[in-house]
Amino acid sequence: MMSARILRHQPKEQQGRFYQASERAFESMIAFYGRTLKFVLGYQTITLFVAVATLLLTVFLYIIIPKGFSRCRTPA
């Protein structure tokens, strides 16, 4: 409620260059999200297989990658 009283709407023509550049960046991000979402929804089965493969690869790498500094020796 307070922000509605403090912030006033200004037409795009009255906005500065930073506003216009950031607005273009946000609009391009939203468009990219829309395109990728449309692709994922069009190929749901492939997306599911990629997600499961990523999970399995993560578990496999967690198991085989050495943890900690168990191979390092301190000088005597």
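We're numbering straight along the sequence, starting at 1. Values below: every heavy atom of this structure, side chains too, minus hydrogens, waters and symmetry copies.
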Q: Taking ring-ring contact (aromatic ring centres under 6.0 Å, His included) as the test, write out the residues that go with Tyr19, two or more places apart.
A: none
Q) Rounded to the nearest 0.5 Å, how far does OG of Ser22 lie from CD of Gln15? A) 9.0 Å
**Q.** Interatomic spacing from CZ in Phe26 to CD in Glu23 - rounded to 0.5 Å
**A.** 8.0 Å
**Q.** Leu37 CG to Ile30 CD1 distance, which is reported to the nearest 0.5 Å
**A.** 13.0 Å
Q. Linking I/L/V/M/F/W/Y whenever any side-chain heavy atoms sit under 4.5 Å apart, do Tyr33 and Leu41 land together?
A. yes
Q) Is there a path of hydrophobic side-chain contacts, each under 4.5 Å between heavy atoms of I, L, V, M, F, W or Y residues, that connects Val50 with Leu55? A) no
Q | Single-linkage hydrophobic cluster Val52~Val40, side-chain heavy atoms < 4.5 angstrom | A | no
Q | From CD1 (Ile46) to CZ (Phe39), nearest 0.5 Å | A | 6.5 Å
